[in-house]
Amino acid sequence: MIFSELGLGPEVLRAIEEKGYTQPTPIQEQAIPWVLQGRDVLGCAQTGTGKTAGFTLPMIDILASGRARARMPRSLILEPTRELAAQVAESFETYGKHHKLNMALLIGGETFTEQVKKLDRGVDVLIATPGRLIDLFERGNMMLNDIKVLVIDEADRMLDMGFIPDIERIVSLLPKNRQTLFFSATMPPEIRRLADAFLQNPREVTVAPPASPSETVTQAMVLVQEQDKRKALRHLLRTEDVKNAFIFCNRKRDVAVVQKSLEGHGFNAGALHGDMPQHKRTETLELFKRGDITLLVCSDVAARGLDVQGLSHVFNFDVPLHAEDYVHRIGRTGRAGRMGRAFTIAGPEDGKLVAAIARLIKRDIPMIAIDGLESATFEEGEGRRGRFGRGRPPRGGDERRGAEDRPRRDERPRREERAERAERDDRPPRREEREERPERPTERERDRAALSEARREPPRRDRDRRRRRDEDDDDEPVVGFGDHVPAFLLRAARPRPEPSGGDTSQEG
DNA sequence: AAAAAAC
């Protein structure tokens with residue numbers, strides 16, 4: 001099968017040819033003809049299967065006739081992350097180069113003015129993340145009742161990220177008479193239910209990933225002490241023939257730490273996570289794609305969907321918390337039939353997570369040792385991360401006692417100095433200048449604070465989610481806490497002791 | 001144990 005047999009127009013075909021493609025992927029081959037006929041499509045496919053072009057190509061063709069009116073976009077594509085949205089925009093630019101389609105990319109983290117201007121000019125293709133779309137809609141910057149084609153991409157990921165209430169709201173604003181394309185990598189019942197609600201008599205198109213990661217990705221794991229993980233990573237980076245790699249961390253904090261550490265050791269590493277300013281995210285990804293940065297330390301913002309061609313390696317600096325994420329992460333390499341290598345650095349506490357991954361992928365990940373680094377072993381049972389902090393006493397008790405008689409490094413002398421100054425100036429010392437630390441709340445005050453914390457109204461989005469859940473299982477009686485406040489609530493709301501500089505574990 | 005997405 002070649003592209004010209006799918007029914008696409010000459011301009012689109014020319015753009016495809018100029019890009020150097022001749023053969024459609026299975027998902028494109030199956031989906032494009034139906035989309036061109038105006039049918040709804042339910043696509044079960046992951047990124048890397050050519051799914052994006054599977055909907056952008058026929059959409060360009062469909063939208064070629066007709067013109068958009070100001071503030072009345074003609075099509076809408078919803079994406080879970082900003083990077084994915086930008087990627088789809090690129091696809092429209094590449095294949096729509098011989099059409100004059102107006103496109104707007106509505107994502108957070110960027111100024112409104114440019115996006116509003118585009119809407120005013122009229123857009124044929126609107127690509128958006130849900131938050132910014134709703135924001136702009138509520139500000140009255142657009143109408144959604146002229147949408148002819150709706151695409152919901154990565155639906156299962158939207159579900160994971162709690163976007164479904166937003167998606168339902170957006171869909172409720174669209175005309176009933178429209179074409180809907182719905183894509184998801186997996187089809188759990190919840191997603192199936194949504195598809196039933198959004199689609200009319202859809203054609204189902206399912207493609208397996210080109211090759212399951214276990215075939216093209218060589219996997220290995222090292223098990224070391226927590227404090228040796230960076231060393232282990234450096235060793236792997238030096239001994240492996242790394243062309244370019246993602247290095248995944250579980251926390252944004254650690255993304256920054258690992259990136260700095262690598263840079264300090266002379267590696268060419270950038271960082272990517274959701275708390276970075278958008279321009280930084282875009283810029284870093286661009287540098288990485290160009291090869292100016294060879295290592296990208298990232299959070300799971302990059303775990304799915306991002307289509308960076310030809311990663312030679314993926315490193316998991318942390319074992320992912322959810323086994324499916326392991327599959328998504330290592331799936332960034334070994335794409336399109338190429339070989340890739342994936343290394344996971346595990347710590348002694350990760351036994352459970354590793355077992356869950358092995359169960360999911362139905363095989364064990366081979367363990368390798370690192371020269372000059374002692375291998376660790378997995379802890380038995382629940383470890384210190386078990387339910388109520390077995391193994392390590394909860395913070396609080398020791399620190400509280402210590403605060404009375406132990407000067408806290410740096411702060412205490414300075415505070416004394418300031419108190420003296422206040423005395424000289426003959427004015428009452430400000431709170432931070434007072435000798436004694438502010439009084440600790442009594443047990444009862446803490447309980448009261450915790451209660452009011454727990455009762456406070458959750459933010460809007462959470463409230464919506466909760467309401468939906470309540471609707472779903474309304475036959476379940478709601479049981480309150482009564483007068484009893486469980487210990488974990490109090491613990492969660494207790495003010496955290498400030499970091500105390502020195503190593504307190506020696507003293508307690 | 002987290003991350004993502006609106007200001």
Side-chain angles (χ1 to χ4, degrees), chain A residues 78-87 105-113 115-116 127-142 152-170 226 229 246-258 271-278 281 285 297-306 316-326 328-329 346-354 356-357 379 382-392 394-395 459-465 488 491-492 496:
Chain A
L78 293 169
E79 295 288 336
T81 68
R82 299 170 187 174
E83 274 75 12
L84 276 172
Q87 215 166 262
L105 179 59
L106 306 186
I107 59 176
E110 285 175 3
T111 56
F112 284 87
T113 42
Q115 297 178 2
V116 169
I127 304 156
T129 46
R132 180 55 70 96
L133 182 84
I134 289 176
D135 199 346
L136 282 163
F137 179 81
E138 282 176 349
R139 288 163 190 248
N141 290 102
M142 76 185 106
I152 296 172
D153 200 12
E154 305 262 333
D156 51 352
R157 191 160 180 218
M158 302 251 204
L159 177 74
D160 290 347
M161 290 167 59
F163 279 166
I164 297 305
D166 285 345
I167 301 298
E168 286 177 325
R169 160 124 194 263
I170 292 166
E226 203 64 36
K229 281 166 79 171
F246 279 1
I247 299 165
F248 285 101
C249 299
N250 285 357
R251 299 172 192 78
K252 289 179 278 202
R253 242 204 2 246
D254 295 332
V255 168
V257 171
V258 171
L272 185 75
H273 64 72
D275 275 356
M276 289 165 45
Q278 187 56 36
R281 285 167 67 166
L285 198 57
V297 188
C298 52
S299 68
D300 276 322
V301 69
R304 302 192 207 186
L306 271 195
N316 289 313
F317 184 77
D318 296 306
V319 182
L321 297 168
H322 295 296
E324 321 87 75
D325 287 332
Y326 176 81
H328 289 295
R329 286 181 183 185
E349 295 153 8
D350 296 328
K352 282 242 153 88
L353 300 176
V354 171
I357 291 167
E379 279 171 11
E382 291 195 304
R384 79 165 164 83
R385 284 166 173 177
R387 274 176 48 118
F388 289 106
R390 220 184 63 198
R392 182 160 148 247
R395 289 173 70 101
R460 182 181 65 82
R461 198 192 297 269
D462 276 33
R463 218 164 54 219
D464 286 352
R465 216 175 297 164
F488 73 86
R491 200 170 309 141
R496 222 169 279 179

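Chain identifiers are assigned alphabetically (A, B, ...) following the order of the sequence lines, protein sequences preceding nucleic acid strands; residue numbering begins at 1 within each chain. Worth saying up front: this structure is predicted, and the values here are computed from it rather than measured.
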Note to self: Using a heavy-atom cut-off of 4.0 Å across all strands, would you classify A/His273 as base, sugar-phosphate, or nothing?
What the structure shows: sugar-phosphate

Next item on the list: Using a 4.0 Å heavy-atom cut-off across all strands, classify A/Arg139 as base, sugar-phosphate, or nothing.
Entry: nothing

Please report the distance, rounded to the nearest Å, between [atom1] in [X] and [atom2] in [N].
X        : N     : atom1 : atom2 : result
A/Asp254 : B/dA1 : CG    : C1'   : 11 Å
A/Ile127 : B/dA5 : CD1   : C1'   : 17 Å
A/Phe317 : B/dA1 : CZ    : P     : 19 Å
A/Asp166 : B/dA5 : CG    : C1'   : 8 Å
A/Leu272 : B/dA3 : CG    : C1'   : 12 Å
A/His322 : B/dA3 : NE2   : P     : 11 Å

Next item on the list: Starting from the C-alpha separation in whole Å, work towards a yes-or-no answer on salt bridge (charged side-chain N to carboxylate O under 4.0 Å, His left out) for A/Arg169 and A/Glu138.
Entry: CA-CA 12 Å; A/Arg169 160 124 194 263; A/Glu138 282 176 349; 3.1 Å; yes

Is a side-chain donor or acceptor of [X] paired with a backbone partner of [Y] at a separation under 3.5 angstrom?
X        : Y        : result
A/Glu79  : A/Asp153 : no
A/Ser299 : A/Val301 : yes
A/Asp318 : A/Asn250 : yes

